[in-house]
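Contents: one structure, followed by commentary.
For clarity, every value in this text was computed on a predicted model and none was experimentally measured.
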Amino acid sequence: IEVVNNSISKLVQQNYQSDDRFSEDFILMRFNQGKGPVKISSELKMRGIAAFDLSPFDWFELAKEIRQKKFGDASSLDFKEIAKQKRFLQSRGFTLDQINQAF
């Protein structure tokens, strides 16, 4: 186990293993897949990444784009359809503020 720890330390020192680089790439990948900040944060924490920055991204605009792409125009929707679309966006990992702004 000591050999493994030494090898990992060497990789970190040589910048071959970087949590920062991984988190940046992961966030960009999931953003491009249409996932929201709640889901991405959860996934990074499950992977042991505690520090990451989600601020460079416009989550409100992404939620709006994802809703429009999936469901089309939001005009003349009944309560049941709005609830369905909001549940979809919530499952994608958007906050309630981001979801409400998407309509």
Side-chain angles (χ1 to χ4, degrees):
I1 195 149
E2 189 175 323
V3 174
V4 172
N5 289 337
N6 289 338
S7 297
I8 291 173
S9 294
K10 213 177 246 188
L11 290 172
V12 169
Q13 288 171 356
Q14 296 173 351
N15 203 27
Y16 288 118
Q17 193 286 326
S18 167
D19 286 350
D20 292 337
R21 191 173 56 240
F22 171 79
S23 64
E24 289 172 9
D25 291 344
F26 185 84
I27 292 166
L28 182 60
M29 175 190 71
R30 298 303 268 166
F31 179 87
N32 290 333
Q33 292 174 345
K35 305 301 182 195
V38 174
K39 188 174 204 72
I40 294 170
S41 295
S42 173
E43 291 174 342
L44 284 170
K45 288 174 185 172
M46 285 180 7
R47 287 169 169 77
I49 309 292
F52 47 87
D53 184 15
L54 298 174
S55 63
F57 299 95
D58 188 350
W59 301 106
F60 291 94
E61 185 62 30
L62 180 62
K64 185 177 180 180
E65 289 173 12
I66 294 300
R67 193 206 59 73
Q68 287 176 340
K69 185 177 178 182
K70 174 88 174 163
F71 299 104
D73 188 21
S75 62
S76 70
L77 296 175
D78 63 2
F79 178 77
K80 189 174 180 181
E81 183 61 27
I82 291 172
K84 174 184 169 185
Q85 292 183 19
K86 286 184 176 187
R87 281 191 308 274
F88 171 76
L89 290 172
Q90 188 176 21
S91 75
R92 284 287 186 111
F94 292 98
T95 66
L96 291 177
D97 285 342
Q98 294 160 352
I99 292 168
N100 289 329
Q101 289 280 325
F103 285 85

(request) Identify, with sequence neighbours excluded, every residue that meets side chain to side chain donor-acceptor pair (under 3.5 Å) alongside Asn6. (result) none

What are the two closest heavy atoms between [X] and [Y], and how far apart are they?
X	Y	answer
Asp53	Ile27	O-CD1, 3.8 Å
Phe94	Pro37	CD2-CD, 4.1 Å
Phe26	Leu44	CD2-CD2, 3.5 Å
Ala102	Leu89	CB-CD1, 4.0 Å

(message) Nearest 0.5 Å, please: how far is CZ in Arg47 from CG in Asp19?
(response) 12.5 Å

(message) What's the separation between atom NZ in Lys69 and atom CG in Leu62, rounded to the nearest 0.5 Å?
(response) 10.0 Å

(request) Spell out, as yes or no, whether a donor-acceptor pair under 3.5 Å connects the side chain of Arg92 to the backbone of Gly34. (result) yes

(message) Check whether Ser42 reaches the backbone of Val38 with its side chain - one donor and one acceptor, N or O, closer than 3.5 Å.
(response) no

(request) Please name all residues satisfying side chain to side chain contact (heavy atoms under 4.5 Å, CB included) with Asn5, sequence neighbours left out, ordered by chain then number. (result) Ile1

(message) Starting from Leu28, can I reach Leu54 by hopping between I/L/V/M/F/W/Y residues whose side chains sit under 4.5 Å apart?
(response) yes

(message) Please determine whether residues Met29 and Ile66 belong to a single hydrophobic cluster, defined as Ile, Leu, Val, Met, Phe, Trp and Tyr linked transitively by side-chain heavy-atom distances below 4.5 Å.
(response) yes

(request) May I have all residue pairs that pass side chain to side chain donor-acceptor pair (under 3.5 Å) and include part of residues 93-103, sequence neighbours excluded? (result) Lys86-Asn100, Thr95-Gln98

(request) For Phe88, enumerate each residue passing the ring-ring contact (aromatic ring centres under 6.0 Å, His included) test, keeping only those at least two apart in sequence or located in another chain. (result) Phe71

(message) Under the salt bridge (charged side-chain N to carboxylate O under 4.0 Å, His left out) definition, can you give me all pairs with a residue in residues 22-46, not counting sequence neighbours?
(response) Arg30-Glu43

(request) For residues 31-59, pull every pair meeting ring-ring contact (aromatic ring centres under 6.0 Å, His included), keeping only residues two or more places apart or in separate chains. (result) Phe31-Phe57, Phe31-Trp59, Phe57-Trp59

